[in-house]
Amino acid sequence: MPSTLGSTLTVTVFGQSHSPAVGCVIEGLPAGFRVDLEALSAFVARRAPGSDPWSTPRKEPDAPRIVSGLNQRGETCGAPLAAVIENTNTRSGDYDNILDVPRPGHADFGAWAKWHGAQDVPGGGHFSGRLTAPLCVAGGIALQWLADRDISVRAHVAELGGIEDTPFSALDNSPEASKLLADQMSSLADGRRVPTIDQEAGARMVEAVLEARSQKDTLGGIVECVATGLPAGAGSPMFDGIENVLARDLFGIPSVKGVEFGRGFAAARLRGSENNDPYEVRAGTCVPSTNNAGGILGGITTGAPIVVRCAFKPISSVMLDQASVDLSTMEPATLKVHGRHDTTAVLRAVPVVEAVCALGLADALLSWPAE
């Protein structure tokens with residue numbers, strides 16, 4: 001069962017929801033890069049559940065422990081960097097009723113069909129959103145490496161429960177739009193309760209989540225992410241393009257069911273004359289004046305902001321009766337999920353999307369000289 005992403009910069013994730021620990025091994029980091037461990041811990045903490053009523057009551061400190069890969073000065077030393085996060089608050093007994101009865105919408109049945117009952121069931125095992133914690137460790141390090149090269153990656157909740165936030169000003173590549181985009185990205189760094197550009201939209205999202213929770217149900221939504229400061233020319237055509245790499249990695253985040261770049265599916269409703277991004281000379285170089293392509297053409301960066309959106313399905317663990325099958329008897333069964341679960345994955349997924357995008361972009365840049 002491969003759990004590795006990347007080619008030059010590779011990340012292998014290990015652990016299960018209720019195993020003693022989860023973690024990652026990162027290979028390919030350039031030696032001599034200083035990792036700010038305090039900033040890394042703060043980034044990983046953004047993914048952790050807060051005190052809000054829609055978050056899972058399972059509270060984990062999510063304190064990453066680096067066990068190899070750094071020298072005494074806190075710099076990468078060329079060896080694989082390994083990080084571990086302890087699981088300290090598991091309650092496996094909550095999952096006794098699903099050992100033979102798969103939860104609708106979860107990977108339970110697929111895992112049973114693949115491993116014939118040997119799979120780890122409690123908490124979703126290796127399919128759990130708990131595995132996004134080590135992804136944030138690896139991605140948090142990649143974000144620091146990118147920031148040293150003036151590349152920024154930021155995400156927000158674009159939509160939740162049908163309520164839309166103000167989109168990033170990234171499909172227009174004019175200087176005015178670029179300034180607005182920079183302001184939008186900065187506004188999201190203030191630690192607000194809901195990571196939205198429009199705080200009023202964020203407040204309405206909270207109401208929608210609380211209403212769904214009161215009805216023992218869950219919500220899905222969309223996370224939009226942008227990356228700025230990338231040079232033109234990174235990536236490859238066909239199967240190793242920036243879109244290919246990011247899409248493959250983003251689909252590794254639990255609950256992601258769709259990924260689009262730039263105008264995405266909306267481009268299918270435009271004419272070529274409307275969708276094309278004209279070029280102009282700016283500061284002595286060729287740049288696209290608009291950015292319907294989302295910063296990528298032919299799998300290669302154009303120098304404009306990369307724009308990607310991820311659709312997250314509603315969390316499958318709803319506290320309502322659902323039809324299932326007892327796999328031990330192959331008889332119909334009614335299942336009611338117990339345990340501790342979020343009402344939506346979208347709010348906690350924002351830093352995860354940033355982390356995974358950062359890993360894909362760092363991998364592409366580190367691979368570039370070898371092409």
Could you grab the distance from atom [atom1] of [X] to atom [atom2] of [Y], nearest 0.5 Å is fine?
| X | Y | atom1 | atom2 | value |
| --- | --- | --- | --- | --- |
| F43 | I141 | CZ | CD1 | 11.0 Å |
| I306 | T228 | CD1 | OG1 | 10.0 Å |
| R263 | L270 | CZ | CG | 6.5 Å |
| L181 | K179 | CG | NZ | 11.5 Å |
| C77 | N71 | SG | CG | 6.0 Å |
| E176 | D172 | CD | CG | 8.0 Å |

Would you say [Y] ends up clustered with [X] if hydrophobic residues are merged whenever their side chains have heavy atoms under 4.5 Å apart, either directly or through other cluster members?
| X | Y | answer |
| --- | --- | --- |
| V226 | V346 | no |
| W145 | I66 | yes |
| V194 | I222 | no |
| L40 | L70 | yes |
| V11 | F14 | no |

Less than 4.5 Å apart, side chain to side chain, heavy atoms only: is that true for [X] and [Y]?
| X | Y | result |
| --- | --- | --- |
| D277 | N173 | no |
| P314 | T343 | no |
| D326 | M330 | no |
| F168 | I197 | yes |
| T344 | F312 | no |
| L135 | L359 | yes |
| V206 | R193 | yes |
| E331 | V325 | no |

I'd like to know if the side chain of [X] reaches the main chain of [Y], judged simply by a donor and an acceptor atom lying under 3.5 Å from each other, with no hydrogens or angles considered.
| X | Y | answer |
| --- | --- | --- |
| N276 | G272 | yes |
| T4 | T12 | no |
| T76 | G78 | no |
| W112 | D100 | no |
| T302 | A304 | yes |
| T301 | G233 | yes |
| E274 | R271 | yes |
| D217 | A212 | no |
| S68 | P80 | yes |
| T10 | S7 | no |

Compare every heavy atom of [Y] with every heavy atom of [X], then report the nearest pair and how far apart it is.
| X | Y | answer |
| --- | --- | --- |
| A333 | V101 | CB-CG1, 4.2 Å |
| L335 | P102 | CD2-O, 3.8 Å |
| S187 | Q184 | OG-O, 2.7 Å |
| C357 | V153 | CB-CG1, 4.2 Å |
| A48 | R348 | C-NE, 3.8 Å |
| V84 | A21 | CG1-CB, 3.6 Å |

Report, one line per pair, each donor and acceptor closer than 3.5 Å where one atom sits in a side chain of residues 26-36; sequence neighbours left out.
| from | atom 1 | to | atom 2 | distance (Å) |
| --- | --- | --- | --- | --- |
| R34 | NH1 | R73 | O | 2.1 |
| D36 | OD1 | E38 | N | 3.2 |
| D36 | OD1 | A39 | N | 3.0 |

Hey, mind stepping through I242 and L361 against side-chain contact (heavy atoms from CB on, under 4.5 Å) and telling me if it holds? CA-CA 7 Å; I242 299 294; L361 294 174; 4.1 Å; yes
Name every donor-acceptor pair, under 3.5 Å, that has one atom in a side chain of residues 243-259 and the other anywhere in the protein, sequence neighbours excluded.
| from | atom 1 | to | atom 2 | distance (Å) |
| --- | --- | --- | --- | --- |
| N244 | OD1 | G241 | N | 3.3 |
| N244 | ND2 | M238 | O | 2.9 |

side-chain contact (heavy atoms from CB on, under 4.5 Å) assessment of L219 paired with L160: CA-CA 7 Å; L219 293 177; L160 178 56; 4.3 Å; yes
Could you walk me through whether V137 and I85 satisfy the side-chain contact (heavy atoms from CB on, under 4.5 Å) test, starting with their C-alpha distance in whole Å, then the side-chain angles of each, then the deciding distance to 0.1 Å, before giving a yes or no? CA-CA 9 Å; V137 174; I85 298 176; 3.7 Å; yes
Could you tell me if S324 and R103 have a donor-acceptor pair between their side chains, going purely by distance under 3.5 Å? no
Report the C-alpha distance between R309 and E159 in whole Å, list the side-chain angles of each, state the deciding distance to 0.1 Å, and finish with yes or no for salt bridge (charged side-chain N to carboxylate O under 4.0 Å, His left out). CA-CA 10 Å; R309 285 172 292 275; E159 184 178 329; over 6 Å; no
After noting the C-alpha distance and the side-chain angles of D148 and Q144, does the key distance pass the side-chain contact (heavy atoms from CB on, under 4.5 Å) rule? CA-CA 6 Å; D148 281 356; Q144 293 184 25; 6.0 Å; no
Going by side chain to side chain contact (heavy atoms under 4.5 Å, CB included), name the residues that satisfy it together with A155, two or more places apart in sequence or in a different chain. V223, C225, V350, E354
Residues K336 and D321 bridged, charged N to O under 4.0 Å: no
Around atom CZ of F109, are there more than 12 heavy atoms of other residues, nucleotides or ligands at under 6.0 Å? no
